[in-house]
Amino acid sequence: MRPVLISGVQPTGKLHIGNYLGALKNFVDLQNSGRYECYFFIADLHALTQTPNSKDLSRNILNLAIDFLATGLNPDKSVIFQQSQIKFVQELKWILSTLTPVSELLRMTAFKEKVLQPLKYSEREKITKEKFEKIIEKSNFGLAEYPVLMAADILLYDAQFVPVGEDQLQHLEFTRTLARKFNKKFGKILIEPKPLLTDVPRLMSLDDPTKKMSKSQPSGCLFLDDSPKEIYKKLQKAVTDSGKEIKYDQKNKPAISNLIKIYQVLSGQTVKNIENKFKNKGYGDFKRDLAKIVVKYLAPFQKKKKQLSGQQSKIKKIIEAGNKKANQKVEKKMEIIKKKVGLIF
Ligand code: ADP
Ligand code: TRP
């Protein structure tokens with residue numbers, strides 16, 4: 001039997017190349033390795049913590065399903081499903097939440113970042129304990145509970161491997177701790193999962209190379225759906241450093257280094273090659289060439305996405321079939337868990 005691997009992505013907006021290289025591309029490679037029993041899901045319950053309106057949420061769920069398929073996730077090889085359709089996950093979340101001290105949740109980095117998001121960076125850094133407590137009094141409870149739901153997502157499937165970005169490592173450690181706590185109290189039935197990190201570096205924003213490329217700052221993103229015109233325009237406007245040289249120097253030239261990194265990952269060329277190619281050329285030439293590479297790289301994805309966008313009922317069927325398989329996978333496990341806890345006797 002192959003080990004189970006699971007991961008989820010939140011349907012919170014269009015995907016950018018950071019999401020693709022840092023998450024989805026890795027999912028597809030892991031799926032195609034044939035080494036794992038793979039489960040990939042749309043984390044719609046987690047997206048609810050951002051309090052989206054219902055139209056946006058539904059559109060984003062469908063769009064993410066299309067993105068999953070257009071990037072190469074294959075329902076014949078992986079179970080592709082929607083988190084909210086697996087009712088057992090919420091049952092397990094409840095049991096796990098009773099083993100979780102509230103203080104542990106309030107200390108999570110992702111929680112702090114989310115509740116402090118409305119503040120300016122400078123204000124976030126010097127926030128007092130009193131002010132932080134005032135803010136969290138008003139934050140929605142789902143934001144605090146977020147890691148418990150994520151732990152349930154993973155533990156319910158007996159997953160041994162979870163491909164995630166670095167920002168999710170703390171949540172995974174929390175999941176491992178919860179599994180240990182449960183096992184100690186009720187008997188050893190939950191598996192402690194291990195993270196699988198990509199070797200793709202974190203891509204930074206085109207607007208500001210000190211911040212990561214993130215959906216929450218759309219102007220700094222290259223989206224997978226961007227047209228060639230948008231890609232050229234965004235790269236032309238991308239910030240650069242002082243000097244004219246196309247040289248990888250993370251410390252002194254962070255902006256051009258980020259663009260070289262994108263060039264390197266998408267073209268497969270080495271940094272040395274790229275530097276040599278643009279030795280006597282300027283930022284303009286480099287950015288035009290990079291735009292060409294991005295457009296070419298995204299073309300197959302965009303073509304497939306266009307095809308799939310006209311096939312909504314087929315997509316819905318794929319997800320429904322995935323939901324059914326995922327439910328079948330976890331039903332027995334939930335029964336065992338409930339027996340151990342004493343809910344079924
Ligand atoms: P965003 O900040 O754009 O909302 P998410 O937090 O939803 O991104 O992340 C979804 C996945 O994409 C995660 O696995 C995360 O590690 C990865 N990811 C997000 N931004 C980047 C980036 N700039 N570079 C590489 N990977 C990223
Ligand atoms: N929290 C993850 C993110 O924002 C999404 C997620 C939810 C997830 N449940 C998960 C990832 C379970 C891996 C396993 O990227």
Side-chain angles (χ1 to χ4, degrees), residues 4-28 30 38-50 52 60 64 67-68 71 79 81-84 86 89-90 92-93 96 108-111 113-114 117 142-143 145-176 178-179 191 193-224 258-259 261-262 265-266 326 330:
V4 173
L5 175 150
I6 195 162
S7 198
V9 178
Q10 293 188 64
T12 43
K14 293 187 293 184
L15 297 180
H16 52 75
I17 58 166
N19 299 138
Y20 175 67
L21 296 168
L24 276 157
K25 182 175 182 298
N26 194 27
F27 295 176
V28 175
L30 290 162
C38 290
Y39 293 80
F40 297 109
F41 66 90
I42 298 167
D44 51 357
L45 294 174
H46 277 107
L48 264 185
T49 62
Q50 302 290 311
N60 285 337
L64 185 56
D67 285 344
F68 271 7
T71 50
V79 180
F81 67 101
Q82 195 181 341
Q83 181 189 33
S84 62
I86 317 304
V89 86
Q90 304 202 53
L92 180 55
K93 187 212 72 178
L96 296 176
M108 289 280 163
T109 312
F111 171 70
E113 277 176 9
K114 288 267 160 60
Q117 219 164 31
L143 274 182
E145 263 194 309
Y146 186 111
V148 190
L149 178 59
M150 182 161 164
D153 282 331
I154 297 168
L155 299 174
L156 191 55
Y157 295 82
D158 280 337
Q160 292 189 41
F161 296 102
V162 185
V164 279
E166 270 169 76
D167 51 329
Q168 297 296 319
L169 283 182
Q170 195 182 32
H171 291 160
L172 214 65
E173 204 41 55
F174 170 82
T175 304
R176 292 168 59 82
L178 253 183
I191 293 178
K194 293 191 186 69
L196 286 179
L197 288 170
T198 51
D199 49 10
V200 172
R202 181 137 294 233
L203 301 187
M204 306 312 270
S205 165
L206 300 180
D207 290 346
D208 177 354
T210 64
K211 297 201 188 105
K212 77 162 195 140
M213 189 180 283
S214 169
K215 283 175 230 133
S216 52
Q217 184 63 47
S219 59
C221 292
L222 285 170
F223 290 109
L224 300 186
N258 184 42
L259 297 181
K261 208 155 50 181
I262 298 175
V265 178
L266 299 192
V330 298

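Atoms within a ligand are numbered from 1 in the order they appear, just like the ligands themselves. Along the sequence shown, the residues carry numbers beginning at 1.
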Legend entry - Considering all heavy atoms, the nearest G220-D207 contact: N-OD2, 3.4 Å
Legend entry - Close side-chain approach of F40 and L5, heavy atoms under 4.5 Å: yes
Inset, instruction - For ligand 1, list the protein residues that place a heavy atom within a distance below 4.0 Å of one of its atoms, sorted by chain and number. - result: H16, G18, N19, G22, A23, G165, D167, R202, L203, K212, M213, S214, K215
Inset, instruction - Take R202 and D167 through the test side-chain contact (heavy atoms from CB on, under 4.5 Å) and record every step on the way to the result. - result: CA-CA 10 Å; R202 181 137 294 233; D167 51 329; 3.7 Å; yes
Legend entry - Side-chain H-bond candidate by donor/acceptor type, Q217 with S205, under 3.5 Å: no
Inset, instruction - Heavy atoms only: give me the nearest L96-L178 pair and the separation to one decimal. - result: O-CD2, 3.8 Å
Inset, instruction - Kindly check if the number of other-residue, nucleotide or ligand heavy atoms within 6.0 Å of NZ (K215) is above 12? - result: yes
Inset, instruction - Output every pair passing salt bridge (Lys or Arg N to Asp or Glu O under 4.0 Å) with a member in residues 12-24, not counting sequence neighbours, ordered by first then second residue. - result: none
Legend entry - Non-hydrogen side-chain atoms of F27 and T71 separated by less than 4.5 Å: no
Inset, instruction - Could you name the protein residues that come within less than 4.0 Å of ligand 2, counting only heavy atoms, and order them by chain and residue number? - result: S7, G8, Q10, F41, A43, H46, Y146, M150, D153, I154, V162, V164, Q168
Residues 146-163 side chain polar contacts: donor-acceptor under 3.5 Å, at least two apart:
| residue | atom | partner | partner atom | Å |
| --- | --- | --- | --- | --- |
| Y146 | OH | Q10 | NE2 | 2.7 |
| D153 | OD1 | Q83 | NE2 | 3.1 |
| D153 | OD2 | Q83 | NE2 | 2.9 |
| D158 | OD1 | K333 | NZ | 2.7 |

